[in-house]
2 protein chains.
Amino acid sequence: MRVTADDVAARAGVSRSAVSRAFTPGASIQPEKRAHIRAVADELGYRPNLMARGLTGGATGLIAVVVGTISNPYESWFLDVLSQQIRALGLWPLLVPVSPGQEIEPALDHALDYQVDGAVIAAGSVNRKLAERCSSRGAPIVVVGRVLEGGGADSVCCDNHAGMAMIAERLAATGRSRIGWIGGRDETFSNVERFKGLEAALAAQGLALVATRRGDYSVDSGMAQALAMLTGPERPDAIVCGNDAMAIGAISAARRLGIAVPGALAVAGFDDIPAAAWEPYSLTTVANPVARTVEEALRLLARRIAGEAGSPETIRIAPAFRQRASL
Amino acid sequence: MRVTADDVAARAGVSRSAVSRAFTPGASIQPEKRAHIRAVADELGYRPNLMARGLTGGATGLIAVVVGTISNPYESWFLDVLSQQIRALGLWPLLVPVSPGQEIEPALDHALDYQVDGAVIAAGSVNRKLAERCSSRGAPIVVVGRVLEGGGADSVCCDNHAGMAMIAERLAATGRSRIGWIGGRDETFSNVERFKGLEAALAAQGLALVATRRGDYSVDSGMAQALAMLTGPERPDAIVCGNDAMAIGAISAARRLGIAVPGALAVAGFDDIPAAAWEPYSLTTVANPVARTVEEALRLLARRIAGEAGSPETIRIAPAFRQRASL
DNA sequence: CCTGGTTTTGCAAGCGTGTGCAATCATGGT
DNA sequence: ACCATGATTGCACACGCTTGCAAAACCAGG
């Protein structure tokens, strides 16, 4: 049924090893013979079985990609760029979706059973033990969007402090004084870091938060929390959100309440997703550079896959201020 | 280095076959022995190598997922649901991203080299020959979002005609008479079908298109085309777009020109992406049910994987009208 | 205690490929 | 014509697992 290297060998009148070598770059084989074998292979429709190839211990070409809520604008953007770049390297992304709050360990374990060459982890929580288990099973990992505490793996992460500093500066420059914060519900790395970063940066400007609320990174939650904040006693004159989606919700809330943006209320987000630039929002935000993040992550991962040892590296990606109309 | 079935067998004092059977559901093995082997396996950290398992000709558990621009809101939503449901079936999605305009054949071919059990194709163009090649290589496919002309594979597709009929009815009921259309650039299945569907449905209402333009399914292109249309001689009093993203762009264009929506201009989209419900747009659209589409696609695929023959089936998913404020 | 039937078990033969090693071949210098 | 050298080639084993087959172990009935 299936065409194997044996079939090609028989048809081309060579040994099976020759067929294998004809498909192995750099193998020792006469150029004309290689051409002949490949011609015969094409004719028969032969393609090397990657399962068998992976079995011998060589690389499988598979990269596990652990990602959270794909439909989330930032995540889908990230996944888009990441999967393209993985393909550009001649590798294949094996998708490992994890729901928020779900443990990534069992899923990742199972993915490792496919002998993936490495893993990019952009969701869930990772500890040193898990990182080491992956390495010991031959799959180096790189963590994106957070920094591994124990230092068990390379990581790439936006410089959240720097981003928040830019927002705080602009808040101070435009004379805002009653700042509100809408963050995420759980204690994820970037949620915590962005919150602390904002607090510190505000303090440096002689400002402080007058209100703090928690959403779930969705537009709806941003709107609900902003509505509550704007109709409560805190009455901020600026709202900083943990991501753009919630900021978009906050702008909608202000619009519904008849509060002018940026006149009576400034709104800032984080990430610079495409929707931030859509006209009715024109959201001032901080760009979290997806392309550079992905490039660095794959560079680090490729190094490890190539066998380079050395202590884990952390790369901070510098964000960029995107001043639009909302602040 | 790596823990293999041999190691477990030696430690547990049984044969390698026994270990294999302990991990094969339904295999003939004494329950207590199975428990013991699994305990030893856990202790040693043994996990079956799926590459080796796939090599013996059995299932690999891999499903190729061919998808286009992942960052596109509808596609990312679809991918989100699809990947979750694939996992729920105990299978794994192998991502095959293809850029718009790129041939899917080489990429799909390469994915087949991983001995995937099947493929869900939601991007690019597929012909009968390609479908048959996949089947003959043991990977049945299901095509989503279009119907295969030659009938070479199962397909699941939204009933675009029905959706456009709903929009046309509402246009007639609200007295719109000068209808404009903004479609996609290329002759993709759904682009053509939505256009023809709209034309037919309008005709049934005694209406006709006064303007036709082409975007690229992005918000920006929707805005650009709508601006041109609204400042040109055609002056429509309603714009129907091939998807929600372009409709969102059209609403922004109207806002920029000071044209009231829906007062002076009605706007309708297609798909009902989350952003359609965001407050400044409140886009009237047609829901393209993602969950049902995915369910049907996987049901059909599972049938084929189970070996069921029979002529290809086409399933049309009924859309639902979502009346909001823009029409 | 023997017999026929049903599990359970281990052996060994694959699955399709990569690659070390030794044998073969061609080449060129003397 | 002969030998040293280096490029090609084929053999055979390894990779880790599944599974058909036959032997072994078990069970119940007589």
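Letters A, B, ... are given to chains in the order of the sequence lines, protein chains preceding strands, and every chain is numbered from 1.
Taking 4.0 Å as the cut-off between side-chain N and carboxylate O, B:Glu193 and B:Arg316 count as a salt-bridged pair. A salt bridge links B:Arg299 with B:Glu296: at least one charged nitrogen is closer than 4.0 Å to a carboxylate oxygen.
Taking every heavy atom of both residues into account, B:Val147 and B:Cys157 meet most closely at CG2-CB, 4.0 Å. Between A:Pro140 and A:Arg304, the closest heavy-atom pair is CB-CB, 3.5 Å.
Running 5' to 3' along DNA chain C, contacts with non-hydrogen atoms of chain B at under 4.0 Å begin and end at C:dT8 to C:dG16.
Screening residues 10-33 of chain A for ring pair (Phe, Tyr, Trp, His ring centres under 6.0 Å) gives A:Phe23-A:Tyr46 as the qualifying pairs, with residues at least two apart or on separate chains. Within the structure, salt bridge (Lys or Arg N to Asp or Glu O under 4.0 Å) contacts touching residues 50-75 of chain B (residues at least two apart or in different chains) do not occur. Among residue pairs with one or both ends in residues 26-40 of chain B, none qualify as salt bridge (Lys or Arg N to Asp or Glu O under 4.0 Å); sequence neighbours excluded. Residue pairs meeting the side-chain hydrogen bond (donor to acceptor under 3.5 Å, both in side chains) criterion with at least one partner in residues 95-108 of chain A, sequence neighbours excluded, are A:Ser99-A:Gln102, A:Glu105-A:Arg133. Identified under the ring pair (Phe, Tyr, Trp, His ring centres under 6.0 Å) test for residues 65-85 of chain A, with sequence neighbours left out: none. Applying the salt bridge (Lys or Arg N to Asp or Glu O under 4.0 Å) test to residues at least two apart or on different chains, the pairs with a partner in residues 110-121 of chain A are A:Asp113-A:Arg137, A:Asp113-B:Arg47. Listed by first and then second residue, the ring pair (Phe, Tyr, Trp, His ring centres under 6.0 Å) pairs that reach into residues 93-113 of chain B are A:Trp92-B:His110, sequence neighbours excluded.
DNA chain D is contacted by no residue of residues 26-37 of chain B, taking any non-hydrogen atom closer than 4.0 Å. Of the residues in residues 45-53 of chain B, not one places a heavy atom less than 4.0 Å from an atom of DNA chain C. Within residues 5-17 of chain A, the residues approached by DNA chain D to less than 4.0 Å at the level of any non-hydrogen atom are A:Ser15, A:Arg16, A:Ser17, in residue-number order.
Two residues are said to be in side-chain contact when any heavy atoms from C-beta on lie closer than 4.5 Å; B:Val116 and B:Leu94 meet this criterion. Contact of the B:Asn288 side chain with the B:Ile317 side chain is not registered, since no non-hydrogen atoms from C-beta on lie closer than 4.5 Å. Within the 4.5 Å cutoff, the side chain of A:Leu108 has heavy atoms near those of the A:Leu130 side chain. Using a 4.5 Å heavy-atom threshold, the side chains of A:Leu300 and A:Ile315 count as touching.
The residue A:Thr4 sits close only to the backbone: its heavy atoms come under 4.0 Å of sugar-phosphate atoms, none of a base.
Each of B:Leu55 and B:Ala18 was assigned the nucleotide of DNA chain C with the nearest heavy atom; the assignment lying further toward the 5' end belongs to B:Ala18.
Taking 4.0 angstrom as the limit, B:Ser20 places a side-chain polar atom (N or O) nearer than this to OP1 or OP2 of D:dT18.
If one axis is set at each end of the helix from C:dC1-D:dG30 to C:dT30-D:dA1 from five pairs, those axes are 40° apart, to 10°.
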